[in-house]
Amino acid sequence: MHYPFASIEEKWQRHWADNATYRVSDDHSKPKYYVLDMFPYPSGAGLHIGHPEGYTATDIVSRFKRMCGFNVLHPMGFDAFGLPTERYSMTTGIHPSIATANNIETFKRQLNAIGFDYDWSREVNTTLPEYYRWTQWMFLMMYNSWFDRSVGKARHIDELPIPVDVTSAADIETYRDAHRLAYIAYSPVNWCEALGTVLANEEVDEWKEKGYTVERRPMRQWMLRITEYAERLLEDLTLLDWPSSTLEMQRHWIGKSQGAEVHFPVQDHEHTITVFTTRPDTLFGATYLVVAPEHPIVDHIVADAHRTDVLSYREVTALKSDLERTELSKVKTGVFTGAYAINPANGVAVPIWVADYVLAHYGTGAIMAVPGHDERDHEFATSFGLPIVQVVTPIDGSTADVAVSAFSDDGIGMSSENSHVSLNGLPTADAKSTIIAWLESSGAGKERTQYRLRDWLFSRQRYWGEPIPIMFFEDGTKRALEADELPLLLPDVAEFKPAGTGESPLATVESWVNFVDPKTGKKARLETNTMPQWAGSCWYYLRYCDPRNAEIFCASDAERYWMGKDGVDLYVGGGEHAVLHLLYARFWHKVLYDFGYVSTPEPFKRLFHQGLIMGEDGRKMSKSLGNVVNPDEVISAHGADALRLYEMFLGPLEASKPWNTTGIEGVTRFLNRTWRMIATEDGALSPAVQDVSLPNDSERVLHATIKKTREDVDALSFNTAIAQLMIFVNEFTKLEVRPRSAMMQYLQCLAPFAPHITEELWQILGCHGSIHTSSFPEYDASKLVLDEIEIVVQISSKIRGKVIAPLNADAATIASLARQDEAIAKHLENKEIVREIFVPNKLINFIVK
RNA sequence: GCAAGCGUGGCGGAACUGGCAGACGCACUGGACUCAAAAUCCAGCGGGGUCAAACCCGUGCGGGUUCGACUCCCGCCGCUUGCACCA
């Protein structure tokens, strides 16, 4: 017999909505707790079973913290700009705003059916003008600023010192453009003909997997200068309570490396090739240079006899994708330019090669090749018969044969000497600092820190995104919109196909690209690119703090209160966002921080990634595999409380775990037992529940349950908390008379997990008000202590028995009790005890001979 | 290839700073209730061994530290994720 979950859940969901039970208070006198979910992209497919996992986790924390007296902010919204909706509109002709509204409605219905405690009055939707107005405002903030390296922070563009030799208005503007945090660049991008758009590097694989062709093509793009923040993004990771793997991934993505740049004069030319190396100590072993095929110097230095070879090599590599250049080319390729450069350390002329194993976009796009001490250079030198020289020897005195393989470990310098400097005999670290000092004094180079991180490609050739609020005039000048001109609304169009020229559908809208700017009276064209989907999610957590403010994106008092000293207290979302979203949001936050709009250097103090829920077959859920579980069906069969409880009971939140249809029976049974423990079948109070005091053993179970629930919810160990709640029910259903107060406290422990059934039983118990606004029970540590305790007795570390002893009994007492035990005495017969190990309240171990 | 994480019954998973391995649940087996079934309740449930016990083995594999190792260290094997010529 099932408790009537369907009617109970509907009843309370309506009640909570009607009574605004979860309305967030603006009472700033209470301590705040901000718990955030990564908001969903409202796809047409609706909610899948993975969504409720992270959402249930934060819902539990949110309800728990509220019961603990915190003013809790647990908001929800929609990240609704994006390509899938635009593509849907292309085929159906339905406007993306309509499709988005429909999808959001479905999502909200499904979310509400699970009983989440969102305050919908704070909902955000990134596609509404009231919202994207501020996304545009933040873009302009970056456009109107530059990064002052001397103070390590952003400042207004008007404060950028203009060099004295820059005088004309046009030159000043050009100079400013070269420093803005948002700037235009012509850079090779991933162009997808079929999609009619460029893709971010991180998007390429996804679309290639779907069968699309992606090629590289230079195009005019907006970029954000995130690289200026590389050091701060790296350093501030230490402030965060994040999964170590995510911290590691971010560190790796930023990719800081320290070394030096070295200038190699090109023989018989005016040019100099600057290389970046992390091993300047191996400079004497540099036997050739390699420049990337795209490097502009190639045109200047290539010898006539080699020009054809070099140009055709460059053509071939241009057709290769990044993937092909790396993964497929196991064997390194390259061609000689015919030119030579002078190694500044020893004056030796070394050949300059072009090879695509050197990347144009990293470092200086050129390297000094040290085949003796770098595996890649060694491989290349071997295939092309270039000289290999040893300049480092192993620290342990052994010998390394660099003709056979590169010795890339640190070691001791050798054969590295000129008339000014010697690295011979120096350990690698000392050799590095010695050669850098020489490079700097001789002008041949200097110390340099290099980051792998690249500037953020911030434009997309799409309709369904935030318009970039910049206009261009016929005379070649441009102007950014003023704050009071925002939002720059997306024009209402009926056609969503790309212009086909590489521009977005906006390029075909007459009023967008051909109008007179009322402010200047000049003929103007608006930027046709829109922002990438990452934009709206860079700051939505701030909007939740003050979602309806029309004056500013978030008032500073609301920001100071909700973002407090740690920012978002708990942020839960998928590990797939470990790098990009989290890095981009941190970057925007830091810019806002530099201008004093936010009070913390980091937005998300504690981060947690929920694991994937797999299909019953252990594989990833997907429509094509037919192993998708639909949350609506689970709710109608077992109820929302069972769905919530089961997703949490499945295993640790961070783990990937398979769904199991029979497994949910277990939590359903548990909820039914909970019901029968307190109520009769027809919903009246069970006669077994009475106002009596608790027997000692039961009292201990109650307090243990409160303690475990409190601790496990804080640690997000929901599966073990639920196990303890099950133990409670197993214990208390045995009692013929069940104390009412214990029932109440139990329900309060269960309430964050199963909000509907607990609310109903709370009412049946005759309690007033919502259980969810009651105070979470406290436990009494003294009730948890046993008078007597079981002590394990070991003989030579093997368990041979157990004795019951008073709490905190000493070794002598335990030993004598143990000797009285027949089985133990037998093991001790004719044995000499050579040692006795005693752990209070745990065990005693007799080591015998 | 590099980096990180993980390997525990038939299954999902517990196990605090090293101290009774397998909590809790699923599945399964037996019993009670029932004309019968479902639901519910009770009992059992790592392997070997025994009438029963004693006892022996057991946390991917091999070693080590320790009175004592799922837990710490070293080396393998396997799985997952991320990065992938970043000089």
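In the text below, chain A, chain B and the rest are named by the order of the sequence lines, each starting its count at 1.
Among residues two or more places apart in sequence or in another chain, the side chain to side chain donor-acceptor pair (under 3.5 Å) test is passed with A:K256 by A:E231. Every salt bridge (charged side-chain N to carboxylate O under 4.0 Å, His left out) that A:R700 has, sequence neighbours left out, goes to A:D697.
Nucleic acid contact class of A:S257 (heavy atoms, under 4.0 Å, all strands): sugar-phosphate only. Heavy atoms of A:P243 sit nowhere under 4.0 angstrom from any nucleic acid atom.
When distances run from any side-chain atom of A:D356 to the nucleotides B:A87, B:G12, B:C85, the shortest one goes to B:C85. Side-chain proximity of A:K798 to B:C83, B:U40, B:C57: nearest is B:C57.
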Under 4.0 Å protein heavy-atom contacts per nucleotide of nucleotides 20-30 of chain B, with B for base, S for backbone only and - for none: BS-BBSSS---
Between the protein and nucleotides 46-54 of chain B, list every N/O to N/O distance that falls short of 3.5 Å.
none

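Between A:R452 and the phosphate of B:A84, there is a side-chain N or O to OP1/OP2 separation shorter than 4.0 Å. At B:A87, none of the side-chain N or O atoms of A:Y357 fall inside 4.0 Å of OP1 or OP2 (strictly under the cut-off).
You'll find the ring centres of A:W353 and A:F380 inside the 6.0 Å limit. Two rings, from A:F649 and A:F718, have their centers 6.0 Å or more apart.
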Can I get a per-line list of side-chain donor-acceptor pairs under 3.5 Å for residues 832-844 of chain A, giving both atom names and the distance, sequence neighbours left out?
unit_1, atom_1, unit_2, atom_2, d
A:N841, OD1, A:N808, N, 2.8
A:N841, ND2, A:N808, OD1, 2.8

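Heavy-atom distances to RNA chain B give each of A:M249 and A:T277 a nearest nucleotide, and the one nearer the 5′ end belongs to A:M249. Where A:I847 and A:P658 meet RNA chain B, the nucleotide closest to each residue was compared, and A:P658 sits on the side nearer the 5' end.
Base-pairing analysis of RNA chain B finds the following stems of at least three consecutive Watson-Crick or G-U pairs, with both pairing distances under 3.5 Å: B:1-7 with B:77-83, B:10-12 with B:24-26, B:28-32 with B:40-44, B:46-48 with B:55-57, B:60-64 with B:72-76.
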